Amino acid sequence: MALKEMLDLSRRRTPCFVKLSEMEQIADLEAEINQKNLKIEILQLEKETADIAHPFFLNQKYEILQDMNRHLEAVLKEKKTLRQRLMKPLCQENLPIEAVFHRYVVEFLTLAVSFIEKLESHLQTVRSIPQIPQTMKNLDNALAKIDLLVTEVEELAEQVLKWRELQKGIHCDSFQNSKSDHSFSSLNPI
């Protein structure tokens, strides 16, 4: 009987081991939940991308590419006629202008030419507009640094002037002392 009681006592779990087994069960459940969530995400991703690889959409893209290919083949076949059309001046054929308006057309063309010449600079100006706040911030920072440096230079200039005046004073005092020493030495021969 003593053996049976010992076995029963060993079967009973102590509170710390019960807690440990509960923690293991919780960890296993969390791992299983994470695994299931990962599978759900993979299935959702497959569902979202299934439309892209679906034969219906692939057929549409294939048709579009075929149309573009046919168009390019036709352009290549008519390459010679297209080149001849591009070499002809279009103004005389497609843009008849009455004589009354010739003066205005000349003015317009000069304005158009100058605009086209300046177009790149205008485009660069327009492209730089989003960068203006950052540029202004950089300029403000640079201005603050310059103000700080100017203040430091002014302080250094004041220190240099004070030092110069001090050196002049010391030089004058030493010069007067050497003069008085020289006059005393001429009075007292040693």
Side-chain angles (χ1 to χ4, degrees), residues 30-31 33-169 171:
E30 287 177 350
I33 289 170
N34 287 338
Q35 190 71 18
K36 297 292 182 186
N37 284 338
L38 184 62
K39 285 182 181 179
I40 289 171
E41 286 180 26
I42 290 172
L43 289 173
Q44 285 177 344
L45 184 62
E46 286 178 1
K47 180 184 173 190
E48 290 172 2
T49 58
D51 290 342
I52 296 171
H54 193 273
F56 175 74
F57 294 107
L58 290 176
N59 284 337
Q60 282 183 344
K61 290 179 182 179
Y62 179 75
E63 289 298 322
I64 291 170
L65 286 173
Q66 287 290 59
D67 289 341
M68 189 181 298
N69 188 28
R70 279 191 227 94
H71 173 71
L72 290 175
E73 285 177 354
V75 167
L76 286 174
K77 286 179 184 175
E78 297 178 10
K79 182 179 174 184
K80 186 176 179 182
T81 57
L82 286 174
R83 185 174 280 161
Q84 288 174 351
R85 281 180 50 197
L86 290 174
M87 294 180 89
K88 288 183 184 178
L90 295 176
C91 292
Q92 294 176 358
E93 290 180 11
N94 298 332
L95 197 56
I97 300 170
E98 295 180 25
V100 178
F101 301 115
H102 282 210
R103 176 176 56 135
Y104 301 113
V105 170
V106 170
E107 291 176 14
F108 171 74
L109 288 176
T110 56
L111 289 174
V113 168
S114 69
F115 176 78
I116 291 171
E117 288 173 351
K118 297 176 185 176
L119 182 62
E120 187 61 34
S121 66
H122 293 313
L123 288 174
Q124 286 176 349
T125 303
V126 169
R127 287 183 196 127
S128 69
I129 288 174
Q131 299 169 352
I132 288 175
Q134 182 63 33
T135 305
M136 292 303 294
K137 189 175 182 182
N138 291 343
L139 286 174
D140 289 341
N141 290 340
L143 185 60
K145 287 178 183 178
I146 288 173
D147 286 341
L148 183 65
L149 291 173
V150 165
T151 305
E152 288 178 7
V153 168
E154 287 174 350
E155 290 174 1
L156 287 173
E158 288 176 14
Q159 290 176 359
V160 166
L161 290 174
K162 288 178 185 178
W163 180 79
R164 185 183 288 170
E165 289 178 16
L166 181 67
Q167 291 299 319
K168 281 184 181 178
H171 182 65

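Predicted, not measured: the structure shown is a model, and the values here were computed from it.
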Side chain to side chain contact (heavy atoms under 4.5 Å, CB included) assessment of L123 paired with L119: CA-CA 6 Å; L123 288 174; L119 182 62; 4.1 Å; yes
Residues forming a side chain to side chain donor-acceptor pair (under 3.5 Å) with Q35, sequence neighbours excluded: none
Residues which pass side chain to side chain contact (heavy atoms under 4.5 Å, CB included) with L161, listed by chain and number, not counting sequence neighbours: R164
Sequence neighbours excluded, every pair satisfying salt bridge (Lys or Arg N to Asp or Glu O under 4.0 Å) that has a member inside residues 126-144: E120-R127
With sequence neighbours excluded, residues passing ring-ring contact (aromatic ring centres under 6.0 Å, His included) with F115: H122
CG-OH distance between L111 and Y104, expressed to the nearest 0.5 angstrom: 13.5 Å
Pairs involving residues 62-79, ordered by first then second residue, that meet salt bridge (Lys or Arg N to Asp or Glu O under 4.0 Å) (sequence neighbours left out): D67-R70
Rounded distance [0.5 Å steps], CG in N141 versus CE in M136: 11.5 Å
Pairwise distance CG(L43) to NZ(K39) - rounded to 0.5 angstrom: 9.0 Å
Flag for N138-Q134: side-chain donor and acceptor within less than 3.5 Å: yes
For E165, all residues meeting side chain to side chain donor-acceptor pair (under 3.5 Å), sequence neighbours excluded: none
Under the side chain to side chain donor-acceptor pair (under 3.5 Å) test, residues paired with R103 that sit two or more places apart: none
Derivation and outcome, side chain to side chain contact (heavy atoms under 4.5 Å, CB included), residues L143 and L139: CA-CA 6 Å; L143 185 60; L139 286 174; over 6 Å; no
Inter-residue atom distance I64.CD1 - N69.CG, 0.5 Å rounding: 13.5 Å
By ring-ring contact (aromatic ring centres under 6.0 Å, His included) - contacts of H71 (at least two apart): none
Any residue meeting side chain to side chain contact (heavy atoms under 4.5 Å, CB included) with I42, in chain and number order, not counting sequence neighbours: L38, E46
Nearest heavy-atom neighbours spanning T125 and S128: O-OG, 2.8 Å
In residues 148-158, what donor-acceptor pairs under 3.5 Å come from side-chain atoms, sequence neighbours left out?
{"residue": "T151", "atom": "OG1", "partner": "D147", "partner atom": "O", "Å": "2.9"}

